[in-house]
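The block underneath contains the structure these notes are about, expressed in structure tokens.
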Amino acid sequence: MKRMKHLLIGISALLVMTTALTACGGNNSKNESSSNTNTPTESNSSAGTGSKGEKVTINLWSFTDEIPNMTTKYLELHPDANVEFKTTVIATTDGAYQPALDQALAGGGKDAPDIYAAEAAFVLKYTQGDASSYAANYADLGLTDQMVKDAGIAQYSVDIGSKEGALKGLGYQATGGAFIYRRSIAKDVFGTDDPAAIKAEVGPGWDKFFSAAEKLKAKGYGIVSGDGDMWHAIENSSEQGWIVDGKLHIDPKREEFIDLSKKLKDNGFHNDTQDWQEAWFADMSGTGPQPIFGFFGPAWLINYTMKDNVKDTNGDWAVTEPPTGFFWGGTWLLANKDVTKDEAKKKAVADFINWVTLDSSETGLQYLWANGTMKEGEQGTKDSVASSVVMSKSNGEVPLLGGQNMFDIFVPANANASGKNLTQYDETINKLWRDQVRDYTAGNKSRDDAIKTFKQQVKDQLGIESE
């Protein structure tokens, strides 16, 4: 998903070791965070002795152990499932996962992936792009549009997982973004920490956001840690993506980022950090050069990143709706179209995907995930999930947010996100763009030169001409 704790490996090391799957929970990961192992893994998890006949083997591929670990809970709750999971985990580190997955899908046969995961950075390649022909339509698995509607799945997630109206992938978590802010700073500057009041202070729109930045600066606070904190909100609220009619397109909202980034820096509205670096984490704990008011992010940023870095500011945070709707990250599950050729395998694959992505009952993965109850008798991490039906009946109160029920904010945040401005080249193009923006704001080149260099780099690396 996400969550993005990457397993360090190389494709050439595709010899695997066999390990027992552990129960899910506590081993979650997020995109762009550190790796936790240096080997690819392959493991088996199977149903108990209650099953009859030959088991159906499901080959499950992922880039973290998060989804493979879910199979343990699935089999625990479905003791009669006549299925075993053969799981392969290959990190996205150094670009290892996609080439290995592509080769396995193209090779076909009994060892090909039956279910495979794709994260937001490259999911369109598998749902709509070059590798979309390998994916089964959910409808062919018996997973219908009505089931999606009944579960209240966030529309952006459906849009990203669909090709020409046919659904090919869904996720279990929703990653609609909120503005996560310090309560004590809000009270000092705005006289209240109420989410509804702060929502009106920081938005809607970037004019109001920068007006709030002025008020914060007058009292010695920065509004965000670095320009990257705004980027995801800007990127995923643009009208169009990077590629339009086969050409590089710079949406006006994305081009505006270069000016907003300069405004942040020139006015000292941030600490000029880069996300996922030590200075960024320091601002979560309030130990940076100036105290920082907030961060933009989904629930996973709170639960898996801030949780370990806020330190003395724990409980001094709250969430409100951001100046503009956006999402950041996520993992989608796809099925190989070849599973539809075998009725037993098709049913087994559909049952697992349904349990993970569409089941809104209290024994479905999403309810367990939202409430942090994956391990019986143990309170685990709560997370925003794809189903608004599940979140409406779940307890989203977390200590880091001073006991606020974060689902009150993330349900509308998920609904306000758009999934219609992505391309399969976003991972590469985003990095090139952000590097050039930082070069410009640092005074190393002019605005025009930064954009010119960006266009040339896209052409050189991807062979894509500009409009």
Side-chain angles (χ1 to χ4, degrees), residues 1 98 101-102 105 113-176 235-247 249 251 325-341 345-347 349-360 366 385-390 411-427:
M1 181 171 50
Q98 292 182 65
L101 176 60
D102 294 348
L105 288 169
D114 298 311
I115 300 174
Y116 49 104
E119 70 179 19
F122 54 81
V123 63
L124 256 67
K125 172 182 174 182
Y126 296 95
T127 58
Q128 301 174 18
D130 295 344
S132 61
S133 61
Y134 296 111
N137 293 333
Y138 268 34
D140 293 336
L141 300 173
L143 305 176
T144 66
D145 291 344
Q146 187 62 48
M147 295 167 70
V148 174
K149 182 179 180 180
D150 290 345
I153 302 300
Q155 188 60 43
Y156 86 90
S157 181
V158 175
D159 291 341
I160 290 169
S162 300
K163 181 176 182 179
E164 298 173 350
L167 184 62
K168 292 178 176 289
L170 283 178
Y172 44 95
Q173 105 192 113
T175 59
E235 173 201 4
N236 287 321
S237 63
S238 65
E239 299 301 320
Q240 293 183 295
W242 284 122
I243 310 299
V244 175
D245 296 330
K247 301 283 189 180
H249 170 77
D251 186 274
F326 74 101
F327 78 96
W328 179 12
T331 297
W332 281 254
L333 265 67
L334 300 94
N336 194 322
K337 65 181 181 182
D338 286 348
V339 305
T340 62
K341 299 175 182 178
K345 176 164 284 193
K346 182 180 80 169
K347 181 180 184 304
V349 166
D351 284 349
F352 180 72
I353 290 179
N354 177 64
W355 179 74
V356 172
T357 67
L358 290 168
D359 184 349
S360 57
Q366 291 195 46
V385 295
S387 169
S388 62
V389 172
V390 167
V411 168
N414 295 334
N416 290 333
S418 171
K420 296 182 178 180
N421 52 15
L422 275 70
T423 78
Q424 64 176 312
Y425 307 106
D426 285 354
E427 189 171 24

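Throughout, numbering of the chain's residues begins at 1 and tracks the sequence. These numbers were taken from a predicted model, which means no experiment stands behind them.
- Nearest approach of A174 to N414, heavy atoms of both residues: CB-ND2, 3.2 Å.
- The side chain to side chain donor-acceptor pair (under 3.5 Å) check on K341 picks up D338, with sequence neighbours excluded.
- Minimum interatomic distance between S237 and G325 (heavy atoms only, all atoms of both residues): CB-O, 3.3 Å.
- Every salt bridge (charged side-chain N to carboxylate O under 4.0 Å, His left out) that K347 has, sequence neighbours left out, goes to D351.
- With contacts defined as side-chain heavy-atom distances shorter than 4.5 Å, the pair L143/I353 qualifies.
- Counting only residues at least two apart or in different chains, salt bridge (charged side-chain N to carboxylate O under 4.0 Å, His left out) contacts with residues 123-144 comprise D102-K125.
- Within the 4.5 Å cutoff, the side chain of Q98 has heavy atoms near those of the E427 side chain.
- By the side chain to side chain contact (heavy atoms under 4.5 Å, CB included) test, K346 pairs with L141, T340, E343, sequence neighbours left out.
- With D359 contributing its side chain and N354 its backbone, the two residues share no donor-acceptor pair below 3.5 Å.
- With hydrogens and angles disregarded, a donor-acceptor distance shorter than 3.5 Å links the side chain of D251 to the backbone of E239.
- Taking all atoms of both residues into account, the shortest heavy-atom contact from Q240 to N421 is C-CB, 3.9 Å.
- For the pair Q366 (side chain) and A386 (backbone), a donor-acceptor distance under 3.5 Å is present.
- Take Y156 and apply the side chain to side chain donor-acceptor pair (under 3.5 Å) test, not counting sequence neighbours, and it matches T175.
- Residues passing the side chain to side chain contact (heavy atoms under 4.5 Å, CB included) test with V148 are I153, V158, L167, L170, L358, sequence neighbours excluded.
- In this structure, F327 and L422 have side chains that are in contact, with non-hydrogen atoms separated by less than 4.5 Å.
- In this structure, S162 has no side chain to side chain donor-acceptor pair (under 3.5 Å) partners at least two apart in sequence or on a different chain.
- Taking each heavy atom of G169 and L334 in turn, the nearest pair found is CA-CG, 4.3 Å.
- Evaluation of the salt bridge (charged side-chain N to carboxylate O under 4.0 Å, His left out) test over residues 412-426, restricted to residues two or more places apart or in two chains, returns none.
- Side-chain atoms of S388 come within 3.5 Å of backbone N or O of G152 as a donor-acceptor pair.
- Residues passing the side chain to side chain donor-acceptor pair (under 3.5 Å) test with K163 are S132, sequence neighbours excluded.
- Annotation: the span from F122 atom CZ to Y425 atom OH amounts to 15.5 Å, rounded to 0.5 Å.
- A ring-ring contact (aromatic ring centres under 6.0 Å, His included) check over residues 123-148, counting only residues at least two apart or in different chains, returns nothing.
- Interatomic distance, CG of N416 versus CZ of F326, reported as 11.0 Å (0.5 Å rounding).
- Under the 4.5 Å side-chain criterion, counting only non-hydrogen atoms from C-beta, Y172 is not in contact with V385.
- Taking K337 as the reference, A136 meet the side chain to side chain contact (heavy atoms under 4.5 Å, CB included) condition, with sequence neighbours excluded.
- Taking CG of N236 as the start and CH2 of W328 as the end, the distance is 10.5 Å to the nearest 0.5 Å.
- Applying the side chain to side chain contact (heavy atoms under 4.5 Å, CB included) criterion to Q146, with sequence neighbours excluded, gives T144, K149, D150.
- The backbone N or O of A151 lies less than 3.5 Å from a partner atom in the side chain of S387, making a donor-acceptor pair.
- Of the possible donor and acceptor atoms, none in the side chain of S157 sits under 3.5 Å from a partner among the backbone N and O of A154.
- Going from atom CD1 of I160 over to atom NZ of K168 covers 16.0 Å, rounded to the nearest 0.5 Å.
- Between the N336 side chain and the P113 main chain, a donor and an acceptor come within less than 3.5 Å of each other.
- With contacts defined as side-chain heavy-atom distances shorter than 4.5 Å, the pair H249/I243 does not qualify.
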